[in-house]
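For reference, the structure is listed below as structure tokens.
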There are 2 protein chains.
Amino acid sequence: MKRYWVPALERADQILTLIAYEPARNRLIDLSKQLGINKSSMFTLLNTMESLGWIVKEKDDTYSLGSSFGALGAAYFRQFNLLKFFHVEAPASTHRVGETIQFAVLEGRDIIYLAKEESPAPIRVAADPGMRFPAHATSLGKALLTQYSYEQLKQLFPEPLLEAKTPHTITQLDQLWLQLQQTYEQGYAIDEQEAVSGFFCIAAPILNHRNEIIAAVSFTMMEAAWLDKFELAKEEIVSLARRLSQRAGAMIL
Amino acid sequence: MKRYWVPALERADQILTLIAYEPARNRLIDLSKQLGINKSSMFTLLNTMESLGWIVKEKDDTYSLGSSFGALGAAYFRQFNLLKFFHVEAPASTHRVGETIQFAVLEGRDIIYLAKEESPAPIRVAADPGMRFPAHATSLGKALLTQYSYEQLKQLFPEPLLEAKTPHTITQLDQLWLQLQQTYEQGYAIDEQEAVSGFFCIAAPILNHRNEIIAAVSFTMMEAAWLDKFELAKEEIVSLARRLSQRAGAMIL
DNA sequence: CCTTTTGGTTTAATATAATAAACCAAGTTT
DNA sequence: AAACTTGGTTTATTATATTAAACCAAAAGG
């Protein structure tokens with residue numbers, strides 16, 4: 001049993017996740033059955049969440065997310081002041097290279113995508129703001145993880161093997177460590193089909209005025225574009241990261 | 001005491017609201033004191049919320065919102081498919097009239113702002129996505145409330161007087177009802193300094209294929225612009241609402 | 001350097017939440 | 001038309017959460 005735990009919050013989280021995944025689809029009895037929660041418990045949970053604005057009950061008795069998540073979601077993204085500047089600076093870089101740019105921060109050992117500037121390229125990875133992904137398997141994550149020492153890395157990844165997202169994903173911690181050192185020296189990180197088969201990414205870290213890594217940006221593209229535009233993408237992503245770092249440096253946090 | 005209530009969710013909501021308002025500012029003891037929650041209860045609440053990704057603990061032991069709200073916030077806005085089209089259609093209207101456009105839906109007797117297209121006008125109302133405001137005091141709300149009968153209106157607003165946000169706000173239900181009828185007939189709603197002193201708004205409703213009102217859009221401007229551009233703004237907001245209604249009509253909901 | 005204060009963590013006793021069972025209304029089946 | 005099923009709602013009993021008190025480490029004050 002988990003220590004210092006509030007089971008009602010865990011249940012609410014499960015309910016919200018299901019409703020977020022399928023809004024206007026599930027009634028009380030559906031949620032009760034799918035989550036294995038007694039329907040009288042479900043009744044009081046839904047009643048409370050509805051009163052708090054976390055969910056709304058549709059006309060057909062199904063539930064959708066409520067405006068509290070509009071407000072909390074907006075507040076969450078507002079925590080990252082740099083996003084405004086990203087939206088100002090990124091379009092020029094996307095236009096210059098012709099590929100999608102992602103912006104992410106580190107949370108634990110995952111990256112959280114916070115924003116993206118999409119290019120007209122026909123195919124793109126479904127990484128939307130708010131989504132998370134294992135850091136070690138992405139160029140964004142490698143750029144962000146360079147802030148840790150080897151000891152800190154071992155604490156973050158205590159398991160013997162790292163999770164493989166594709167056959168190309170690094171699974172040995174020492175391998176990751178070597179790549180992080182290389183990333184640090186050269187100022188950018190790459191992942192070649194480590195996160196998603198068929199996709200290649202190059203990322204650069206954004207630093208604040210104390211030289212702390214606070215976020216990262218990356219280009220994502222397919223192999224043909226990768227072979228054709230690697231040098232251009234490298235220059236542009238480093239340049240974009242530098243411009244954003246200058247913006248971050250000017251900010252009073 | 002509230003019936004069918006889960007106090008832990010209410011407490012979590014209070015904590016999240018405080019953290020959203022002041023991220024990276026409050027530690028456990030600060031939250032405990034401000035919310036009047038015992039610090040050992042606060043400890044288990046924060047521990048659970050942190051594990052669920054609702055909040056993150058910063059290096060100085062203060063708390064900020066966690067990536068779950070990035071994901072849930074994004075999911076909340078995704079529930080409104082029309083937002084994509086709003087972002088496509090609205091820039092032309094903003095450019096044509098030179099004023100900010102808001103997009104909102106009705107939730108109970110409040111409107112929820114979901115999106116806006118800002119103009120370069122120097123002054124604008126701080127109504128951000130996720131925020132709510134009393135419907136009766138806004139042009140957006142009046143456009144949305146026309147879907148109700150007089151009886152339904154009385155059920156929605158049972159108090160003797162409606163809340164006055166400025167000295168110009170309508171406070172009599174019958175007055176509101178007359179304006180809603182007028183709004184229905186002319187196809188647009190206005191509020192002249194009812195929501196915020198000094199600001200004038202004109203809104204039009206968006207309908208789906210079943211002729212149901214699902215959202216509304218509005219221009220907001222100051223008095224000089226209002227006198228100068230009223231006819232242009234009226235034509236453009238009705239036109240934008242019609243284009244979005246056509247988009248809504250084509251959508252399989 | 002010693003004492004006090006503060007913030008966070010842990011635990012046993014007390015207070016309260018969760019749920020099994022019952023009830024109810026509406027819809028479906030026979 | 002009667003019987004049955006379903007989904008939502010209510011309540012008393014049982015299980016579990018909450019918290020007062022204690023503990024601990026670190027920082028502040030004398």
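We name chains A, B, ... by the order of the sequence lines, and we start the count at 1 in each one.
Candidate nucleotides D:dT10, C:dT9, D:dT18 were compared by shortest atom distance to the side chain of B:Arg3, and D:dT10 ranks first. Ranking D:dA22, D:dT9, C:dA20 by closeness to the A:Asn38 side chain, first place goes to C:dA20. Closest contact between the side chain of B:Lys57 and the listed nucleotides C:dG7, C:dT9, D:dT10 involves C:dT9. Listed nucleotides: D:dA17, C:dT10, C:dA21. Nearest to the side chain of A:Pro7: D:dA17. For B:Ser40, the listed nucleotide lying nearest its side chain is D:dA20; candidates were D:dA20, D:dG7, C:dT9.
At D:dG7, one or more side-chain N or O atoms of A:Lys33 fall inside 4.0 Å of OP1 or OP2 (strictly under the cut-off). Between B:Tyr4 and D:dT9 there is no side-chain polar atom (N or O) within less than 4.0 angstrom of OP1 or OP2.
Rounded to whole Å, the distance from CG on A:Leu46 to C1' on C:dA18 is 15 Å.
When each of A:Thr44 and A:Lys39 is assigned the nucleotide of DNA chain C with its nearest heavy atom, A:Thr44 is the one assigned upstream, toward the 5' end.
Using a 4.0 Å cutoff on non-hydrogen atoms, the parts of residues 11-32 of chain A near DNA chain D are A:Arg27, A:Leu28, A:Ile29, ordered by number.
A salt bridge does not link B:Lys59 to A:Glu212: none of the charged nitrogens lies less than 4.0 Å from a carboxylate oxygen. Between A:Glu194 and A:Lys142, at least one side-chain nitrogen of the basic residue sits less than 4.0 Å from a carboxylate oxygen of the acidic one, meeting the salt-bridge criterion. Under a 4.0 Å N-O distance rule, the pair B:Arg109/B:Glu163 does not qualify as a salt bridge.
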